[in-house]
Amino acid sequence: MDILPILSTLKRHKTAAGLIVLQIALTCAIVCNALFLISERIDRISEPSGLAEDELIVMQVSGMTRVDNDGPQTQSDLQALRQIPGVKQVSIANQIPYGQQSSYSGVRLRPGDNENANLTAANYLAGENFLETSGLRLTEGRDFLPSEFVEMSRLEGANPPQVPAIIINREMARRLFPNGSALGQGLYVFSDEPHRIVGVVDRLVAPNPGSGEESSANTMILPLRPGYRSGSYLLRVDPAQREAALKAAAEKLLHNSPGMKRLVREQKLLSDQRDAYYRQDRSMIQLLAGVCVGLLVVTAFGIVGLASFWVQQRTRMIGTRRALGATRGQILRYFQTENLLLSTVGIVIGMVGAYGISLLLMRYYELPRLPALYLPIGALVLWTLGQIAVFGPARRAAALPPVVALRGG
Amino acid sequence: MLTYYFELGLRSFRRHRGLTLLMLLSIAMGVAACMTTLTVFHVLSGDPIPGKSDRLFNVQLDAEPMRDYQPGGEPTLQLTRFDAEALLREKRGVKQVIMTGANIAVDPAGSGDASQSPFFSRARYATADFFTMFEAPFRYGNGWSAADDTAEARVAVISEELNERLFGGIDSRGKTLRLRDKDLTIVGVLRAWRPAPHYFDLTLGAYAKAADVYLPLATSYALRLGASGSMSCWGSSSTDQRSLNAPCAWLQYWVQLDTPQQQRDYRTYLTQYSDQQRQAGRFERPSNPKLWSVMDWLSVRKVVPSDIRLQVWLAFGFLLVCLTNTVGLLLAKCLRRSGEIGVRRALGAPRREIFLQFLVEAGSLGLAGGLLGLVLTCIGLWVVRMNPAPYAQLAQLDWQMLATTLLLSLLASLLAGLLPAWRACQITPALQLKSQ
């Protein structure tokens, strides 16, 4: 196919051709970045928590009367929850991923008040069986020993207890000890006596993952047992029975405190809590996808509109070419090649634009640079779109019988 | 003449139904996308207390120890109880308030309605100036007095919503409100009130609803009712984190300062206070107090979600593509009518008139697109309100935004019409007539 005659025709329609190119360029630039934003969000919402989400129930209770020593009541609650059919294991922790609370502490590698914190990490203060209940996987070391657990309320007392052991996640271990094993090392969080690292879990997210803060990648678990007033119960259940177990557990907690009125503040499946946490991101994904589709549709209509106009304007030219022996296929290919040319110019400009937008996004929204992979994806999408859009008008042009075309000009 | 052009425009629209529909949809979609996102942005970045936002100030003091100090860093978001009480005692502003948010169990049975089970309510513990400072509107009664604060009075103000739920909306002053197992007497009922953003306490979420229960902060200490919200502690605290000397910042402090002189004086006062505290050994860091007015506070705290800003940009990008599209289609349509233009020009119409004719055509297209865009905007906002985000229900179209929609649409289409109209009036009559 000879490109020169196409070019010389386009030269006579500089404005219209320019507009199509501009539209394709804008669409390409925006769609590339939007697709990247979508994939970023998808990565964020699909980040696993490290917990057995489908098997977990989170519950929180509150008393209508203040109790100062909630330890015995908490133990009785845990005992009662464990007996519910379908419940495999029960624990309590000060915070749960995707929940309302988030608590962080500075972590030091040396004792002393005047040391700068080495990093900040989410502190999970948890009772017995936390690892087993939540489904966390140890890659190194061991779980806490029964003798290592201390009541969390004693942290506020006059003689704060020693917390000999700590378990951290792999990410935090990597950051603190890049050159060796974290096991056996001492960390200083709650006192000037070290908490020795006894285990490293493969993965455990912070209560508010994906917030973009560096601290949210570091998590640690301390054997500090919260009471029901300051912690949430975590129940590992048979996924098939989880709805029933949820109902039974709420009922049990409400009535497991003779003589004291209570209410169950939270009763959720962890998977529901996770969905709610990422709702905003999901609606942003939908919106971005909607805009992409909208842009592509508008651009396609623009191409259809202008191509139809050109076909009509060039009826005489088409007729002449047909009369001189050009086949329908050649006419069809003429318009397709023309569109390919315009699209290519638009895409090249669009890629520069995509890069420019990406720079702005990096600056104002602290997003990573647009990976080069999105440019060929954008190009492919727009080439395809252009070919589909131009096909209708081009086929109509090819269908014109030579005589009509000559007369109609 | 304009009406004639309008008629001509209509006729040409009718002749090219498909093309016209495409342009109409294109403008309407672009405008609707912009207006939907702009309305949300407008609502979320609005002034929550218009007449007074430049006279209310949030106070920050740097009470943390030198450990982890970075020069130029931000002081803690909130104040320690010690500092907040000291500033309140010295009363250097026109009005001042200490407060914190809380979640508290309300017992309807104890409040006279045995049929309901206990439920959790958002509460705010504050000092007496809260209601006048933030212009909380009352349906019945008033807030409490400074004397009630010192006396740890068992009084409460409740929202209209809670009053409806507990007492069926009657004037409930004098009735008992049982929080957990403590009884308080209701002294006031608020009217529906939802400052957006929730500027005086951003730690609960910038678009949180206002609280349902208000009571004196001192009373909450006396009754040992727990507070909630963000708290930042330093050092090894071996006492209750909410006690007077605990090294924890968790209270919001706002002050009303009516004149620039008062504002300058207050800044000086805060610096002096910080210096004194450092001399006394309580503060370690260089004095770095902050005093932000409402709108500055909102912008420093980056209250409008960055997603919303991104959406506005995206929508304008979309509008730009829609406009380019409209320009292209308008151009095609008007070049098709070269013959008609040639005749008009040959009959003596000056270029200006041709230009005007096509601009009127583009303008009427814009108005129609704007009306359609308005409908789409309403649908768009309805979709936004279905969103579970806390700010979603705030997304309502007001007159201002309605007018902006029509204006934007008219402007956009006139802009789109400029190039085709200019091209149209460039057409030389002789050439067109000959080619007929």
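The chains referred to below are lettered A, B, ... by the order of the sequence lines, with proteins before strands, and numbering in each begins at 1.
Your options are B/Asp307, B/Leu22, B/Leu331, and the one with the most heavy-atom pairs under 4.5 Å with chain A is B/Asp307. Contact count against chain A (heavy-atom pairs under 4.5 Å) is highest for B/Leu310 among B/Leu225, B/Thr326, B/Leu310, B/Leu320. Here A/Met284 is the residue among A/Met284, A/Arg262, A/Gln101, A/Gln280 with the most heavy-atom pairs under 4.5 Å with chain B. The most heavy-atom pairs under 4.5 Å with chain A, out of B/Val327, B/Val383, B/Leu19, come from B/Val327. The candidate with the highest count of non-hydrogen atom pairs below 4.5 Å against chain A, out of B/Leu179, B/Thr324, B/Asp181, B/Asn325, is B/Asn325. Comparing A/Gln312, A/Arg265, A/Lys261 by how many heavy-atom pairs each has under 4.5 Å with chain B, the most go to A/Arg265. With respect to chain A, the highest number of heavy-atom pairs below 4.5 Å among B/Asn387, B/Asp107, B/Asn103, B/Leu329 belongs to B/Asp107.
Of the atoms belonging to A/Arg279, it is side-chain heavy atoms, and not backbone ones, that fall under 4.5 Å from chain B. With a threshold of 4.5 angstrom between heavy atoms, A/Ile24 does not approach chain B through any atom at all. Both the backbone and the side chain of B/Arg309 come within less than 4.5 Å of a heavy atom of chain A. Heavy atoms of B/Ser26 lying under 4.5 Å from chain A belong exclusively to its side chain. For chain B, the nearby part of A/Ser62 is the side chain; its heavy atoms alone come within less than 4.5 Å. Heavy atoms closer than 4.5 Å to chain A are found in the backbone of B/Val106, but not in its side chain. Heavy-atom distances place the side chain of A/Arg41, and not its backbone, under 4.5 Å from chain B. Residue contact with chain B, scored on non-hydrogen atoms closer than 4.5 Å, is absent for A/Leu360.
The two residues B/Glu64 and B/Thr76 come nearest to each other via the heavy atoms OE2-CG2, 3.1 Å. Counting all heavy atoms, side chain and backbone alike, A/Ser230 lies closest to A/Met152 at OG-CE, 3.6 Å. Between B/Ala392 and B/Arg385 the shortest heavy-atom distance is O-CG, 3.3 Å.
Taking the six-membered ring where the residue is Trp, A/His195 and A/Phe190 present tilted rings, their angle falling between 30° and 60°.
Inspection of non-hydrogen atoms places A/Gly294, A/Leu295, A/Val298, A/Thr299, A/Phe301, A/Gly302 of residues 294-302 of chain A under 4.5 Å from chain B.
Side-chain contact check for B/Val31 versus B/Leu319: some heavy-atom pair is nearer than 4.5 Å. Contact check for A/Tyr365 versus B/Ser306: side-chain heavy atoms found under the 4.5 Å cut-off. The closest side-chain heavy-atom distance from B/Ile308 to B/Gln311 is below 4.5 Å.
Within a 6.0 Å radius of CD in A/Gln100, other residues, nucleotides and ligands contribute 12 heavy atoms or fewer. The environment of A/Tyr364 atom OH is sparse: at most 12 non-hydrogen atoms of other residues, nucleotides or ligands sit within 6.0 angstrom. More than 12 heavy atoms of other residues, nucleotides or ligands sit less than 6.0 Å from atom CZ of A/Arg66.
Annotation: side-chain contact (heavy atoms from CB on, under 4.5 Å) contacts of A/Phe309 (sequence neighbours excluded): A/Leu306, A/Gln313, B/Ala332, B/Leu335, B/Arg336.
Between the A/Arg110 side chain and the A/Tyr188 main chain, no donor and acceptor come within less than 3.5 Å of each other.
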Take B/Met29 and B/Phe318, measure what side-chain contact (heavy atoms from CB on, under 4.5 Å) needs, and give me the verdict at the end.
CA-CA 9 Å; B/Met29 274 162 63; B/Phe318 185 62; 3.8 Å; yes
